[in-house]
Amino acid sequence: MNKAEPSLSEQQQIRREKLDQLKELDVNPYPHSFDVTHYSTQILDNEDEYVTKTPDDPSKTKRVSVAGRVMTRRIMGKASFFTIQDKEGVVQVYIRRDDIGTDLYNKVFKKLTDIGDFVGIKGFVFKTRTGETTIHAEEFQFLGKTVRPLPTPKEVENEDGEVVTYDAFSDKELRYRQRYVDLVVNPEVKETFVKRTRMVQAMREFMNERGYLEVETPILQPIYGGASARPFKTHHNALDIDLYLRIANELYLKRLIVGGFDGVYEFSKDFRNEGLSRFHNPEFTQVELYVAWKDYSWMMDFMEQMIEHVALTIHGSTKIKVGEHEIDFKAPWPRIPMYEAIEKETGHDLSDKSDEEILKIAKELHIDIEDGMGKGKMIDEIFGDYVEPKLIQPTFITDYPIEMSPLAKKHREKEGLVERFEAIFNGKEIANAFSELNDPVDQRERFEEQARLRADGDDEAMTVDEDFLRAIEYGMPPTAGIGIGIDRLAMIMTNSESIRDVLFFPQMKPEG
RNA sequence: GAAUCGGUAGCUCAGCUGGUAGAGCAGCGGCCUUUUAAGCCGCGGGUCGUGGGUGCGAGCCCCACCCGAUUCACCA
């Protein structure tokens with residue numbers, strides 16, 4: 001035994017001994033393959049098709065071959081019941097010494113097969129006295145020994161038909177760190193992640209149908225930009241340069257619009273060097289989409305249609321239960337200019353106020369004011385505290401102060417504002433979009449303003465990206481762009497309270 | 001970063017005003033050929049998060065630290 005290995009529990013030692021005993025019996029503990037013909041739910045959902053109609057002569061009925069993990073065992077001497085869990089669910093198996101042979105039954109099944117081990121069985125389907133659809137095993141094959149015991153939760157249906165779980169594997173830290181175990185023993189976890197994938201697929205299909213091109217852009221970037229955030233820094237040895245992990249892919253996708261694509265999108269992992277919370281993981285997924293010739297009003301139409309489509313695809317309904325609320329994604333959604341939304345909740349019309357007046361109002365509203373907070377930041381704070389949490393149903397908030405939006409085009413009518421919207425669901429920002437700024441002179445000025453903020457100590461402000469400026473100097477058509485937070489959308493679509501519940505492997509501190 | 005709560009057997013948890021660590025499941029040995037939280041008889045299993053301290057004596061009290069959960073603050 002490897003001395004570096006941590007000391008083994010009694011149960012781990014016993015399982016290793018069983019592994020040796022299997023080899024001594026010439027049973028391969030790790031065979032190479034097994035022919036699966038059916039999945040558990042396929043049999044259970046179509047029991048009329050599979051349950052034998054000739055119980056007195058099983059030779060005349062269908063055979064099924066199923067593989068998976070042993071999850072429970074009930075041994076009654078010369079016959080036993082156990083359950084197999086496969087990718088779709090759990091099915092019960094009935095196995096008898098006289099069907100599979102004394103040695104295989106007594107030595108291999110009874111003595112050396114543990115909960116968690118992989119087995120394959122072939123047999124026919126019947127109903128037990130208590131009415132459970134069960135596979136009567138005629139062949140049993142060992143498919144993989146596990147040397148570490150799984151947690152052993154029990155699910156029971158009580159008299160009211162509710163499923164009660166005993167001894168659940170519930171320690172959140174262990175569930176996140178050992179997601180593989182969480183997935184095995186907590187079936188709803190699998191469902192959440194399947195839904196997440198179907199959600200992404202539905203979005204991808206929706207965009208593909210409209211002719212937009214899925215692309216890939218650099219994650220390692222010499223100049224990061226496209227959002228206000230602190231980056232992760234890394235180093236390329238051969239070039240001997242520092243690189244940053246992208247915080248957004250906006251500036252690269254817009255370069256592709258310059259290059260002549262009409263619509264491009266990317267599902268992208270972005271990285272922000274910030275704290276963790278139930279809404280924040282240092283790496284997270286966005287989809288960003290840029291469409292030429294369009295503006296932010298068009299993008300609102302697009303988004304509400306796409307998300308309605310996603311809800312229908314996943315849930316078959318536009319209405320989704322999220323926590324205490326039922327959220328209805330049926331398009332169209334209300335579109336409320338930011339100043340109107342603030343005025344409605346606070347009574348203050350900020351639209352024609354000076355910086356000093358807004359500062360005074362912010363103080364009245366008990367907003368935490370920090371040094372160097374500009375007008376835009378204060379308005380954002382007021383909005384975040386007084387308006388955003390109240391927007392449970394899907395809502396577009398439109399027309400943001402120019403100070404907070406260095407990449408958005410100036411509003412066609414309203415002075416001091418840009419054509420930007422955020423989509424708010426369940427009191428949280430899910431998407432951010434604008435009519436993209438394509439005036440290179442204006443863009444340079446906005447970058448320079450960012451650079452000033454940066455020089456004044458705002459380490460989330462953007463840096464001047466000369467190559468991006470050069471690109472739009474060559475000319476970018478009118479363009480609408482959007483970024484949608486996939487993790488947060490997945491939280492809503494799966495009724496999850498924490499971003500960690502929709503990430504297979506959320507960021508954790510190192511163990512130990 | 002702050003506050004609150006928590007860390008005891010493989011899993012879920014008890015453990016009183018400090019008195020030498022318990023249950024169920026899981027495991028091991030036996031019985032049991034339609035069970036289903038299967039049942040019955042018997043048995044083993046712990047550096048009580050880590051390190052200090054105060055007690056004759058610490059899972060429990062004190063201090064420091066580690067890890068986590070939740071809430072709050074900043075970012076999507």
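Because the structure is a prediction, the values reported are computed rather than measured.
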Looking at every strand, decide which applies to [X] at a 4.0 Å heavy-atom threshold: base, sugar-phosphate, or nothing.
X	value
A/Glu422	nothing
A/Gln286	nothing
A/Ile430	nothing
A/Asp99	nothing
A/Ser80	nothing

Interface polar pairs with nucleotides 68-72 of chain B, N/O, under 3.5 angstrom:
residue : atom : partner  : partner atom : Å
B/G68   : OP1  : A/Lys509 : N            : 3.2
B/G68   : O4'  : A/Glu173 : OE1          : 3.3
B/A69   : OP1  : A/Arg500 : NH1          : 2.0
B/A69   : OP2  : A/Arg500 : NH1          : 3.3

Handout entry: N-O pairing of A/Arg446 and A/Glu449 below 4.0 Å
Key =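 Salt bridge between A/Arg446 and A/Glu449, a charged N being under 4.0 Å from a carboxylate O: no.
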Exercise for the section: Salt-bridge test for A/Lys377 and A/Glu460: reply yes if a basic N is under 4.0 Å from a carboxylate O, no otherwise. Expected result: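 No, A/Lys377 and A/Glu460 are not salt-bridged.
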Pair assignment for [N], Watson-Crick or G-U wobble, requiring both distances under 3.5 Å:
N	answer
B/U4	B/A69
B/G24	B/C11
B/U17	none
B/G39	B/C31

Problem - All pairs passing salt bridge (charged side-chain N to carboxylate O under 4.0 Å, His left out) where residues 427-437 of chain A contributes a residue, at least two apart - result: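 Qualifying pairs, neighbours excluded: A/Lys254-A/Glu436.
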Handout entry: A/Lys145 side chain near A/Asp114 side chain, heavy-atom distance below 4.5 Å
Key =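 A side-chain contact exists here, since the closest heavy-atom pair is under 4.5 Å.
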When the [atom1] atoms of [N] and [M] are considered, how many whole Å apart are they?
N	M	atom1	value
B/C60	B/G53	C1'	15 Å
B/C48	B/A38	P	32 Å
B/C32	B/A69	P	49 Å
B/G1	B/G39	P	49 Å

Exercise for the section: Output every pair passing side chain to side chain donor-acceptor pair (under 3.5 Å) with a member in residues 489-507 of chain A, not counting sequence neighbours, ordered by first then second residue. Expected result: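 Checked against side chain to side chain donor-acceptor pair (under 3.5 Å) - neighbours excluded - the pairs reaching residues 489-507 of chain A are A/Tyr176-A/Asp501, A/Thr494-A/Ser496.
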Practice task
May I have all residue pairs that pass side chain to side chain donor-acceptor pair (under 3.5 Å) and include part of residues 101-111 of chain A, sequence neighbours excluded?
Solution key: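 Every side chain to side chain donor-acceptor pair (under 3.5 Å) pair that includes a residue of residues 101-111 of chain A, provided the two are not neighbours, is A/Ser80-A/Tyr105.
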Tabulate atom names and distances for all N/O pairs under 3.5 angstrom spanning the protein and nucleotides 42-44 of chain B.
residue : atom : partner : partner atom : Å
B/G44   : O2'  : A/Glu10 : OE2          : 3.4
B/G44   : N2   : A/Glu10 : OE1          : 2.6

Handout entry: Distance test, side-chain N/O of A/Arg74 to OP1/OP2 of B/A38, below 4.0 Å
Key =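 So the side-chain polar atoms of A/Arg74 do come within 4.0 Å of the phosphate oxygens OP1 or OP2 of B/A38, strictly under.
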Exercise for the section: Would you tell me if any nitrogen or oxygen in the side chain of A/Lys111 comes within less than 4.0 Å of OP1 or OP2 on B/G30? Expected result: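 True: A/Lys111 side-chain N/O within range (under 4.0 Å) of B/G30 OP1/OP2.
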Handout entry: With sequence neighbours excluded, residues passing ring pair (Phe, Tyr, Trp, His ring centres under 6.0 Å) with A/Phe140
Key =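 By the ring pair (Phe, Tyr, Trp, His ring centres under 6.0 Å) rule, A/Phe140 matches A/Phe109.
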Practice task
Would you mind telling me which residue lines up with the more 5' stretch of RNA chain B, A/Asp114 or A/Pro149, judged by nearest nucleotide?
Solution key: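 Per heavy-atom nearest nucleotide, the more 5' residue is A/Pro149.
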Exercise for the section: For A/Gly77 and for A/Pro151, locate the closest nucleotide of RNA chain B by heavy-atom distance; then report the residue assigned to the nucleotide nearer the 5' terminus. Expected result: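 Per heavy-atom nearest nucleotide, the more 5' residue is A/Pro151.
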Handout entry: Between CZ on residue A/Phe267 and CD1 on residue A/Ile484, distance to nearest 0.5 Å
Key =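 With rounding to 0.5 Å, CZ (A/Phe267) is 8.0 Å from CD1 (A/Ile484).
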Exercise for the section: Can you tell me the distance, in whole Å, between the CD atom of A/Gln13 and the C1' atom of B/G46? Expected result: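 Checked: the CD to C1' distance equals 14 Å.
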Practice task
To the nearest Å, give me how far apart CG (A/Asn273) and C1' (B/G1) are.
Solution key: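 Between C1' of B/G1 and CG of A/Asn273: 15 Å.
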Problem - Pair A/Phe302 and A/Phe206, ring centroids less than 6.0 Å apart - result: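 A/Phe302 vs A/Phe206: aromatic centres under 6.0 Å.
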Handout entry: Taking every non-hydrogen atom, the tightest pair across A/Ile43 and A/Tyr50
Key =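 A/Ile43 and A/Tyr50 have their closest heavy atoms at CA-CD1, 3.8 Å.
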Exercise for the section: Please evaluate the base of B/U12 for a donor-acceptor partner in the side chain of A/Ser170 within a cut-off of under 3.5 Å? Expected result: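 Per atom types, no contact qualifies.
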Handout entry: A/Gln92 side-chain proximity, nearest of B/G27, B/U34, B/U35
Key =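 Within the option list, the nearest is B/U35.
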